[in-house]
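Chain identifiers are assigned alphabetically (A, B, ...) following the order of the sequence lines, protein sequences preceding nucleic acid strands; residue numbering begins at 1 within each chain.
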2 protein chains.
Amino acid sequence: MRAVLDVKKHVLIYGLLSGSLIAVLKLVEYRFLVVEHSLEIYGGLVATVFAGLGIWLGSRLTTKEARVVVREILVPSTGPFTVNEAKREELGITPRELEILGLIAGGLSNREIAGKLFVSENTVKTHSSRLFDKLGAKRRTQAAQIGKDLGLIP
Amino acid sequence: MRAVLDVKKHVLIYGLLSGSLIAVLKLVEYRFLVVEHSLEIYGGLVATVFAGLGIWLGSRLTTKEARVVVREILVPSTGPFTVNEAKREELGITPRELEILGLIAGGLSNREIAGKLFVSENTVKTHSSRLFDKLGAKRRTQAAQIGKDLGLIP
DNA sequence: CCTGTCGTCATCCTTTCGGGTGATTTTCGA
DNA sequence: TCGAAAATCACCCGAAAGGATGACGACAGG
């Protein structure tokens, strides 16, 4: 959607510029027509302007295709912590599960987590169960350890 | 180097095309000149062709660039870890208890710790109980968290 | 020699965790 | 608006963890 709109916008701008330019040329053509070789001047002028316009348009239309290849491995303790979204997505860990992982690592019991999140203890247990599955952990302490290693929690 | 050559090549082609185009226009201008409104037709023709040329040139000139490769590598954050002996003494934590704290934080169960240290599971439980007392922790996850905060474990 | 600390082990009991299963509601994108 | 993913909750059961208490040997220091 975004890209289509951008293209439409550019085409619109291009059209408007072209229209006004032609109007200007139409206005001034009679003055230069009396001069000898005015046709060449006129043609060159039009060619130059439209070539520039075309170049601009061409640039606008194609620079969007910039391919960005991001190869990330792991980020340790540099500056403020940011969640490793790639890993999170890769393991299919939901935001809620990640939140609970943080609280587990913080040393809270299931009951305390339930209280802090205003949900039932059973809910916390299901979340943590699925979390352990996705992390390949057997215990909450192990989940905390793995979570830190993967950069999911500070 | 490669990019510069490319640009030069493009400019050259552009120039040649422009030149021949102008020549063609020059040749045919007299035929259309007799027709009414030929100037508008001529202008539109030139504008169209050069705009297309410009777009082509603009595309050629810009699509090749913008290939970004970001690489993040793991770094040993704070050098080799050293135990906070002061805190350890202050809390009266014995070396054995500290050892077990490390294994707890590593995500091991009491049984696994017992196996690794060649002691009974009961022994591990007594150690960890006393450890939790000294740390003021209620759970092993909390003990791990506190231990990290106090600099007792990496 | 006697005492305190440390490490070791045990037994009993309660609480917490974790696995498994099933179900309902929310949310969100096609 | 339809369906998939996410979030919610419940119940059961076995395993793990934790609290309390007692005991025993080794060893250092007074």
Side-chain angles (χ1 to χ4, degrees), chain A residues 1-5 83-148 152-153, chain B residues 83 85-148 152-153:
Chain A
M1 266 306 169
R2 198 72 193 79
V4 174
L5 279 180
V83 182
N84 186 340
E85 279 296 327
K87 266 291 174 219
R88 195 186 67 76
E89 292 283 345
E90 179 187 334
L91 296 177
I93 295 176
T94 71
R96 196 59 157 174
E97 288 165 353
L98 185 62
E99 190 177 5
I100 286 181
L101 175 59
L103 296 175
I104 284 178
L108 300 189
S109 71
N110 287 340
R111 189 176 307 250
E112 291 168 336
I113 295 175
K116 185 178 277 278
L117 298 183
F118 301 103
V119 297
S120 88
E121 197 177 334
N122 286 312
T123 302
V124 176
K125 288 179 67 175
T126 44
H127 278 316
S128 54
S129 276
R130 290 204 270 253
L131 185 60
F132 297 160
D133 252 6
K134 294 169 182 175
L135 287 177
K138 290 178 174 54
R139 284 165 291 284
R140 54 189 23 236
T141 49
Q142 198 179 0
Q145 179 66 29
I146 296 175
K148 286 178 199 290
L152 298 175
I153 46 179
Chain B
V83 183
E85 279 295 327
K87 267 293 175 215
R88 196 186 66 75
E89 293 283 346
E90 179 188 334
L91 296 176
I93 296 176
T94 72
R96 195 58 157 173
E97 287 164 355
L98 185 62
E99 190 178 5
I100 287 181
L101 175 59
L103 296 176
I104 284 178
L108 301 189
S109 70
N110 287 340
R111 185 170 312 227
E112 290 168 335
I113 295 175
K116 185 178 277 277
L117 298 183
F118 301 105
V119 296
S120 88
E121 195 177 334
N122 286 312
T123 301
V124 177
K125 288 177 70 174
T126 30
H127 279 315
S128 54
S129 276
R130 289 203 271 251
L131 185 60
F132 297 161
D133 250 8
K134 293 170 183 173
L135 287 177
K138 291 179 173 54
R139 283 164 291 284
R140 53 186 26 234
T141 48
Q142 198 178 0
Q145 179 65 31
I146 296 176
K148 286 178 198 290
L152 298 175
I153 46 179

Worksheet item: Mind checking whether B/Thr123 and B/Leu117 have side chains closer than 4.5 Å, heavy atoms only?
Response: no
Discussion item. Can you measure A/Gln142 atom CD to D/dA17 atom P for me and round it to whole angstrom units?
Written reply: 11 Å
Worksheet, complete the sentence: Note: A/Ile93 and A/Leu152 closest approach over all heavy atoms is CD1-CD1, 3.9 Å
Worksheet, complete the sentence: Rounded to whole Å, CD of B/Glu99 lies from P of C/dC6 at a distance of 15 Å
Item to complete: Spell out protein contact along nucleotides 8-30 of chain C as letters: B when the base is contacted, S when just the sugar-phosphate is, - when no protein heavy atom is under 4.0 Å; keep the 5' to 3' order.
Response: BBBB----SSBB-----------
Worksheet item: Taking only residues at least two apart or on different chains, which pairs with a member in residues 126-137 of chain B satisfy side-chain hydrogen bond (donor to acceptor under 3.5 Å, both in side chains)?
Response: B/Glu97-B/Lys134
Worksheet entry | Worked verdict on B/Val124 versus B/Leu103 for side-chain contact (heavy atoms from CB on, under 4.5 Å) | CA-CA 11 Å; B/Val124 177; B/Leu103 296 176; over 6 Å; no
Review item, side-chain donor-acceptor pairs of residues 104-111 of chain A, under 3.5 Å, at least two apart:
{"unit_1": "A/Ser109", "atom_1": "OG", "unit_2": "A/Arg111", "atom_2": "N", "d": "3.4"}
{"unit_1": "A/Ser109", "atom_1": "OG", "unit_2": "A/Glu112", "atom_2": "N", "d": "3.2"}
{"unit_1": "A/Asn110", "atom_1": "OD1", "unit_2": "A/Arg140", "atom_2": "NH2", "d": "2.3"}

Worksheet entry | Euclidean distance, atom CD1 of residue B/Ile93 to atom P of C/dG7 [Å, nearest integer] | 12 Å
